[in-house]
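Here the structure is laid out as structure tokens; the discussion comes afterwards.
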Amino acid sequence: MKKKTPQNCGKCGLCLNVCPVYKVLKEEPASPRAKLQLIKAYENDTLSSSPLLKEIMSKCLMCGSCTTNCPSGIDHYSTFMEMRRKMVEDQGETPAIKSLTYLLAREYRLKFGAGLARTGQKFVPDLFARNYKLGNIPLKNFPTLNATPFRKAHDVIIHPDKKPVGKVVYFTGCATNYLYDDTGVATIGILKHMGYEILIPRDQTCCAIPLLFHGAADRASKNITTNINALKGHDVDAIIVDCSTCGEALTNEYPRFIEQQGQNPSEANAIAEKVMNILSFIDQQFDRLEFDPNITEKLSVTYHAPCHTKNNFNAHIIVERLIERLPFVDYKRAVDADECCGGGGTFFYEYPEVSKKMVDKKIENAKAVNASQWLTDCPVCRMNLAGNLDTDDPLKVLHPVTLIYSALKDI
Amino acid sequence: MLDTQVKNELMTIVDTGRYLDRPEELACYAYDAFVVEALPDAVIFPETTQEVSDIVKIASRYKVPVTCRGAGTSVCGAPIPLRHGIVICFSKMDKIIDVNTRDRYIIVQPGVVNVDVQKALAPFGFFYPPDPGSMNTATIGGNMAMNAGGPRCLKYGVTIDYVLGMEVVLASGDIIRFGSKNIKDVTGYKLSSLFCGSEGTLGIITEAILKVRPLPETVKTLMVTFDDLDNTAKAVTDIIGSGIIPVAMELMDKLTLNTIEDVANLGLDREAQGSLLIEIDGVKEACEREMTLIIEKVKENGAIHVQEAKSEVERERLWTARRSAYGVFAKLAPDIVSEDVTVPVSKVPAMIRKIIEITEKYGLKVGVLAHAGDGNMHPMIPANKADKEEWQRVERAFDEIFQAAAALDGTLSGEHGIGLAKSDYLPLVMNKQTIDFMKKIKQAVDPDGILNPGKFV
């Protein structure tokens, strides 16, 4: 059934210059304005579904910048998500994306897939890895998978060494669990240092955003229910996320999705209210941090603001402020610190030619400030930025928590 | 669809990536910010003047209409390909060719976005004054074709005042160049005045030499509110009448303020009947004296609240509010019509009274917004085009607004252009002989009428 989009777009075009894809392609179909026009035409039956229509809808980073900046208050983000679902329904999905959503839809598949991939990574001949690319990223630059999934390597309840000041739930996301356990180790390290008891529910799974972006609503539904069951009912101060996209899902998409399914969103709302980005959490309680007094030299650091930090939590300002407050850091802002890197979930894989232009510009501007650490709080951004730097590049990409954790005083 | 022969010839000029003609793609070039839409048969993205010339030669040979487009932010339908044919989109012809602040000019291709010109000049302490509301998206080519204005044109003048030289492709495909890098240049006809504002009906702008100015030493911004809209307008007349020329003087009525505040939450005064956003710039001491005088004048007219922006952030917030006006009004109804009738500044209070009287008569909602210092009104009427009865009332209201402006020695358009929106109203402000003269010019340079057909000439 075609549902009408009740929003009024005045076609003013102010979304064009905030759309990272339009800015690279300079073609109207890439713009949020055009996508709304096409959706309207599709809903009015003046334009029928086609592979090209699906492609135009997919050629979008789902960064949310149009939604944030639209003077008419149009929710492009949800409108596009819904249209992408319809397009997958009408046109089907590519085998690569299909296997991704299949994998992310069940935790055991993910675990199995990660195990296989890890074995695979060991066996990929060096020559092959050097010469081949996945999307815009050379194969050799992909992160190696965690030796043991993060959640398996850690207890369900972690106690601080001192008398607890409070209790939090930690939603780790797939990236920390399978790819970047350093982010997870640092997050629990900091939370412990601050005096929090940490609960890592075992049965949590992928936040479902990749599924929703690729129209796999049925599969997403199962993940959302699983996560709500894992996160609900805990008497805690906050539900901590280390990835803004997971945070956005838990805060905005879960309540909306549950409501759309005609169910009671009260559990999802209760969770949404408690969700907090780890960096905002640290910023609020900065005084709880004690830094190693032996660190005397300042580290030069720059930052890349992930779109979902910027557009959903509006937290990039908080993150930058937090980085500037770190006593051992000399923060050097790149001119385009809050511009999109072109990662965008699977965008770097689907549209490498567009993505590459964005990331190359980011790298050029980050290098111009001569920093040694490039911080970013999104695993896809990290993969994209690091993946497009040479492996021996002096500029290292990491999550801000890793840097903060490394400078804490042992207590 | 274009004839296969025409398509094949065009495809020899640009590669596949720069030629679009699938229905999903064409649908994206059927609109601008106006309410009328029409589909092109093909969209083509040139990157050089030679390519433009080659495209036009083919179009000329086969008599295919050619309509140019930058970012499609026009609010009068100027880039709508009413007679279909080819849309030449300049978004990829976007190089800044030369920045020379010693000689005070910048040379750009037409697809360069206005704000990128500002960004290129700022490090040298210079700026390019024309600042249409769409400056973050709109291209210089479009700005020139429409002779765009903007808030600060009150003090600095509009696009045409900054054009030193141009390169234009004619309907025949011939390339002509006129003007120069010189501030003073009276060699031959002032052809820039012919093409700048011709809305793509006389030729295609492929390069421009633009005059630039040093950034002012001081900028001061003031937000003033009134409990009476008429007094707000009288304050404008008084300030200009006293000899001060602010950079900008933006008037917003109660509905506009509240509609912006609903979305943007900027702390605007919801109770005020009228407000003025006033900006002055120049030497510090002069600004201070002017500011004192302005405050005197607004108080004489019953200003209830006068507030100076204390930081750049605060100033930017006020301007963001003003710039978002069109967008926030758009959400009130499926369609929005914003016109830009302009009257001599002493007639601003009378014109505003007329706008309110007329819209009330037709039972329409109206946001009164104006670059009031130069008499440039922006009444915005949100309505539903699908509602035939309501739309008729909208059309009648605008008929009367145009007539009222003409009766007050005003004109149809201060900065948006005529496009599709106002072509029927030309006789209100021009006699037949004048319209015929414009037609003769058009006939002389574009005998087959292939350039942006269906528009005002």
Side-chain angles (χ1 to χ4, degrees), chain A residues 4-19 22-42 44 46-59 65-75 87 91 317 335-336 353-354, chain B residues 17-18 20 22-35 37 43 45 69-75 87 89-94 111 113-116 133-139 259-260 262-264 320 323-336 338 380 382 384:
Chain A
K4 287 256 175 188
T5 309
Q7 298 162 326
N8 300 318
C9 167
K11 300 178 289 180
C12 67
L14 295 190
C15 54
L16 271 62
N17 83 311
V18 299
C19 172
Y22 177 81
K23 281 198 279 189
V24 168
L25 291 176
K26 298 277 188 125
E27 288 169 11
E28 185 74 19
S31 75
R33 170 173 68 173
K35 291 188 172 75
L36 288 180
Q37 285 289 109
L38 293 173
I39 291 171
K40 199 166 92 182
Y42 168 78
N44 293 339
T46 52
L47 189 70
S48 48
S49 172
S50 68
L52 178 59
L53 186 60
K54 177 170 178 280
E55 193 195 315
I56 292 174
M57 292 302 148
S58 321
K59 221 178 214 175
S65 291
C66 44
T67 309
T68 307
N69 290 287
C70 175
S72 304
I74 290 177
D75 184 0
M87 288 295 101
Q91 300 293 326
I317 300 160
V335 286
D336 59 351
E353 70 292 350
V354 187
Chain B
R18 293 194 281 132
L20 310 178
R22 294 178 288 183
E24 296 86 346
E25 295 161 334
L26 297 178
C28 303
Y29 291 89
Y31 56 80
D32 60 3
F34 186 57
V35 289
E37 298 184 6
V43 181
F45 299 88
R69 179 186 179 99
T73 52
S74 159
V75 287
V87 160
C89 186
F90 282 95
S91 55
K92 298 186 187 207
M93 191 163 160
D94 60 350
V113 173
N114 182 308
V115 77
D116 291 330
S134 53
M135 67 189 287
N136 285 338
T137 307
T139 62
T259 313
I260 294 172
D262 286 347
V263 174
T320 304
R323 274 194 288 266
S324 64
Y326 181 82
V328 296
F329 259 81
K331 87 187 179 98
L332 296 180
D335 299 289
I336 175 169
S338 164
M380 295 182 294
N384 185 0

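Proteins come first, then strands; the chains are lettered A, B, ... in the order of their sequence lines, and each starts at number 1. If you're wondering where the values come from, they're calculated on a predicted model, not measured in any experiment.
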Measuring from [X]:[atom1] to [Y]:[atom2], what's the distance to the nearest 0.5 Å?
X     : Y      : atom1 : atom2 : answer
A:C9  : B:D335 : SG    : CG    : 10.5 Å
A:N17 : B:N136 : CG    : CG    : 4.5 Å
B:C28 : A:I56  : SG    : CD1   : 5.5 Å

Under 4.5 Å from a heavy atom of chain A, the part of B:F34 involved: backbone
Toward chain A, the part of B:L332 with a non-hydrogen atom under 4.5 Å: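 For B:L332, the contact with chain A is made by the backbone alone.
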Heavy-atom check, side chain of A:E27 versus side chain of B:K92, under 4.5 Å: yes
Ionic contact status for B:D32 with A:K11, cut-off 4.0 Å: no
B:E24/A:K54 salt bridge by N-O under 4.0 Å criterion: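 Salt bridge between A:K54 and B:E24, a charged N being under 4.0 Å from a carboxylate O: no.
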Interchain contact, A:L53 with chain B, by part (heavy-atom threshold 4.5 Å):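 Both parts, backbone and side chain.
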Part of A:L14 within contact of chain B (heavy atom distance under 4.5 Å): both
Option that, when pairs with chain B are counted at under 4.5 Å, heavy atom only, ranks first among A:K23, A:K26, A:K35: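 Among A:K23, A:K26, A:K35, the one with the most close pairs to chain B is A:K26.
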Between B:Y31 and A:E28: side-chain donor-acceptor atoms closer than 3.5 Å: yes
